[in-house]
Each structure stands twice: as C-alpha cells, then as structure tokens.
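The structure under discussion appears below in the form of structure tokens.
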There are 2 protein chains.
Amino acid sequence: MSGEVGTSLKARLGAGRRLTGQRKVIADVVQASRDHPDASEIHRRAAAIDPRISLSTVYRTLKVFAEAGLIEQHSFGGPRARVERTPNRHHDHLIDTTTGRVIEFRSEEIERLQAEIARELGYELTGHTLELYGHPLRGKTARTSKS
Amino acid sequence: MSGEVGTSLKARLGAGRRLTGQRKVIADVVQASRDHPDASEIHRRAAAIDPRISLSTVYRTLKVFAEAGLIEQHSFGGPRARVERTPNRHHDHLIDTTTGRVIEFRSEEIERLQAEIARELGYELTGHTLELYGHPLRGKTARTSKS
DNA sequence: TCGTTATTGCAAATTATTGGCAATAAAAAG
DNA sequence: CTTTTTATTGCCAATAATTTGCAATAACGA
Ligand SMILES: [Mn+2]
Ligand SMILES: [Mn+2]
Ligand SMILES: [Zn+2]
Ligand SMILES: [Zn+2]
C-alpha cells in the first residue's frame, strides 16, 4: 500500500557494490532510527549490534547509501551531519532550540512556492533546505516529537 | 530613509568591546562585500588592506560580529561558513549548482507560511534557513547574480 | 600620560571527516 | 564446493575548518 517495498538493499546499492555484514547492520540501524542520528551515534548503535564495525566504515557506508539515494543528510545548525532514511514523502524540519528536538512537517504550499520562485529567477529547482528554529509557545505542548 | 544608519560600529559591538584596527578593516571588508565570502576569503581581502591581520583574528572577529548581530553566517551546502553583513531586510538564497553563484530573493508569502507552520506545531519561530538549489533553465539568463 | 585588560599573532589543539594500505571476505567463476 | 577476483574493512595517519593557550600589544577610560 505504500510504494517500493519489494526492492532488496543489495539491488538498491547498485552494480559492483557488495552487501557486507556491516552494511546490513548500518542499514538496519538507519531504518530503525526514528530520529536523526549523526555518524558517531550510528556507529554506537551499530557497534552494539555487531562490534566489528569501525567509525570509518560508518562514514564510508553512509556516503555509499547517500549516493544510492537511501539516506538524506541534514546539518540542523550543528557541525555534525545528521542522517535519516530517505522518506517516502519529502518533509522539512523544525528544530526546538530549547531541547534540540526535531519535528518533521510538510507544507504543500511552501514546496510549490519554492519551485515557483526558482522558476521566476530563471532556474529549475533541484533541491532545497528548509529548517525552522523556534521555542515552544508557553503552555502549549508540541504535537509531534522526534529528535 | 533606510533604518539605523547613525549607530557607530563601536557602539554596536557592545560594552567592553574594543574597536581595533583589524576590526575596522574586517568590518569594511564585510560591508563592501556584495557576495558571500568565507573566512579565508575575508582574510585575503582584509590582509590586502592591512597585512597585520591574522586568520585567527578574522575568525574571532566574525564570531564577535555575529554575536553583535552585525553579520549572518550561511553554509550553502559547503564545508566553510559564508558571511554577509546583516541585511536591512531579510532574504533567502538560491544557489546555482552549476556555477556556485548565489542569488538572493525574498518571499513574503513563504516567510508568513513558515511562521504559521511553526505556530501550528506549537512553536514560536525565531529563525530559519531556506536555501534553494537549482540549475538555469535552458535559454533563460538569471535575473540577479551574486556569488 | 598611564594602567588595566581586551585583543592579537602564532602555533598547537580540536573536531568532523577522509584517505592509504594491507588484510579480509563478498560474489563471480570454475 | 573451491578458487579467483577485487570491493570493502579496520587501523591510523592526513585533511580541513575552526578554536584555543599564551605572551606580547594596543585600546581607551581615568
Ligand atoms: Mn526527517
Ligand atoms: Mn545574502
Ligand atoms: Zn521541503
Ligand atoms: Zn527567509
């Protein structure tokens, strides 16, 4: 009922690419992550499953996964790149500056406006980065919550 | 006719802050820059005016300027932080992925939507990052151009 | 003019990420 | 299943951007 479930990881990696034990583990870790971990956090989680995984391999694997379109990387202001599996439907993020919590959202209207603005400037939009920063309104509790 | 022209750099830096020769030069360089240079480029331009300026001082000065709200820093995808003097009116950027050129734009509607989305999620918007990436439409020449 | 102390230059330190290389293990062949 | 080929890994050194320690220096208020 939701798109593309039947393609193997192996296939998605592309020709010439090997499906190693560490890649399987890292892929599992990324898939299972509902938050947006950075490389060392992924390494921590992966090493907990299989200790024979180095941080270098995590970095190299994330790069391969990114090239294969399996994951997306964000910066969220900080110095370390943060990762999430490529979502079925694109979304952007709001970062709670008081807690660091990351909330996902999607605005059809903003998406449309961005493409329109690019076109008006003479460009075809190929990608974008939209991050909102803010603090909770007094009294109100956030609707969604993901770190 | 445009806001706040009468405040001295010295005053804007805040109490306890000294207006040194290198800070004046760096401020001038930033003011004069119509593009979005990174630290070493600013150092290059500043050193051309006054050789007694080190890269360390550029970094430290940019941090002071940022804290004072005199400049803004962007990443534009790359690894080095890029700088521009705080504009009188906020704007966002479109990066030409074929040339690296940076084009500034402002959309009242997107600005409004962002605040609205944050509010709906239970947050007060305090800042945001919006960067569009794209390539020129065949045949059409970009309207504005700044790197 | 002077004294206090913020600021600077220089070099070393940090932090995140990348790259070299020999050892290892997918997966292609036989 | 065994052999062969070579992508991938672990370890560690190398980068790249930015920060920091410290003694020397220069703002600037008294
Ligand atoms: Mn997300
Ligand atoms: Mn700008
Ligand atoms: Zn979006
Ligand atoms: Zn904006």
Side-chain angles (χ1 to χ4, degrees), chain A residues 8-30 36-44 46-68 70-83 100, chain B residues 8-30 36-44 46-68 70-83 100:
Chain A
S8 71
L9 212 202
K10 175 85 176 302
R12 299 188 206 206
L13 284 178
R17 250 70 222 261
R18 295 178 182 179
L19 185 49
T20 68
Q22 19 281 74
R23 285 183 179 171
K24 285 181 199 166
V25 172
I26 294 172
D28 284 346
V29 166
V30 171
H36 302 78
D38 57 34
S40 39
E41 176 57 28
I42 290 176
H43 176 238
R44 217 168 289 131
I49 298 175
D50 183 341
R52 62 164 192 176
I53 291 181
S54 73
L55 180 57
S56 287
T57 294
V58 170
Y59 273 111
R60 278 185 288 228
T61 299
L62 290 180
K63 182 174 291 185
V64 169
F65 284 3
E67 287 168 357
L70 295 173
I71 63 171
E72 283 178 2
Q73 317 218 147
H74 309 286
S75 76
F76 296 158
R80 303 175 262 301
R82 298 178 62 175
V83 162
Chain B
S8 71
L9 214 202
K10 177 82 177 303
R12 300 188 206 206
L13 286 178
R17 250 72 226 258
R18 294 176 183 178
L19 185 50
T20 67
Q22 20 280 78
R23 286 184 179 170
K24 285 181 199 167
V25 172
I26 294 173
D28 284 347
V29 166
V30 171
H36 301 79
D38 58 34
S40 39
E41 177 57 28
I42 290 176
H43 177 237
R44 217 167 291 131
I49 298 175
D50 182 341
R52 63 165 191 173
I53 291 181
S54 73
L55 181 56
S56 288
T57 293
V58 169
Y59 274 110
R60 279 186 288 230
T61 299
L62 290 180
K63 182 174 289 185
V64 169
F65 284 3
E67 287 167 358
L70 294 174
I71 63 170
E72 283 178 2
Q73 316 216 149
H74 310 285
S75 75
F76 297 158
R80 305 175 261 301
R82 298 178 60 176
V83 162

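So that the names make sense, note that chain A is the first sequence line, chain B the second, and so on, each numbered from 1.
Between the CG atom of A:L55 and the P atom of D:dT8 there is a distance of 18 Å, given to the nearest Å. In this structure, B:E41 places its CD atom 14 Å from P of D:dT18, rounding to the nearest Å. Straight-line distance from the CG atom of B:L62 to the P atom of D:dT18: 9 Å, rounded to whole Å. A:R23 has its CZ atom 8 Å from the C1' atom of D:dA7, to the nearest Å. If you measure from atom CD of B:E67 to atom C1' of D:dT19, you get 13 Å, rounded to the nearest angstrom. If you take CD1 of A:I53 and C1' of C:dA25, they are 15 Å apart, rounded to a whole angstrom. For the pair A:K63 NZ and D:dT8 C1', the interatomic distance rounds to 15 Å; values are reported in whole Å. Atom CZ in A:F65 sits roughly 18 Å away from atom C1' in C:dT17 (whole-Å rounding).
Applying the side chain to side chain contact (heavy atoms under 4.5 Å, CB included) test to A:I49 and every residue at least two apart in sequence or in another chain returns A:V25, A:V29. Shown here are the side chain to side chain contact (heavy atoms under 4.5 Å, CB included) partners of A:A81, two or more places apart in sequence or in another chain: A:Q73. A:T57 is linked by a side chain to side chain donor-acceptor pair (under 3.5 Å) to A:S54, counting only residues two or more places apart in sequence or in another chain. Not counting sequence neighbours, the partners of A:E41 by the side chain to side chain donor-acceptor pair (under 3.5 Å) test are A:R44, A:R45. In terms of the ring-ring contact (aromatic ring centres under 6.0 Å, His included) criterion, residue partners of A:H74 (sequence neighbours excluded) are, by chain and number, A:F76, A:H93. Under the side chain to side chain donor-acceptor pair (under 3.5 Å) criterion, B:S40 pairs with B:D38, sequence neighbours left out. Scored by the salt bridge (Lys or Arg N to Asp or Glu O under 4.0 Å) test, B:D28 finds no partners at all (sequence neighbours excluded).
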Measure all distances between protein nitrogen or oxygen atoms and nitrogen or oxygen atoms of nucleotides 27-30 of chain C, and list the pairs falling under 3.5 Å.
from, atom 1, to, atom 2, distance (Å)
C:dA27, OP1, A:L19, N, 2.8

Tabulated below should be each protein N or O lying under 3.5 Å from an N or O of nucleotides 10-12 of chain C; please produce it.
from, atom 1, to, atom 2, distance (Å)
C:dA11, N6, B:S56, OG, 2.9

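The side chain of A:Y59 places no N or O atom within less than 4.0 Å of a non-bridging phosphate oxygen (OP1 or OP2) of C:dT18. Under 4.0 angstrom from either OP1 or OP2 of C:dG9 there lies at least one side-chain N or O belonging to B:Q22.
Across every non-hydrogen atom of A:R23 and A:R17, the tightest pair is NH1-CG, 3.9 Å. Across every non-hydrogen atom of A:L70 and A:R12, the tightest pair is CD2-CD, 3.5 Å.
Counting non-hydrogen atoms under 4.0 angstrom, A:G16 reaches the backbone sugars and phosphates but no base.
With DNA chain D read from its 5' end, the first of the two nearest nucleotides for B:R52 and A:R52 is the one closest to A:R52.
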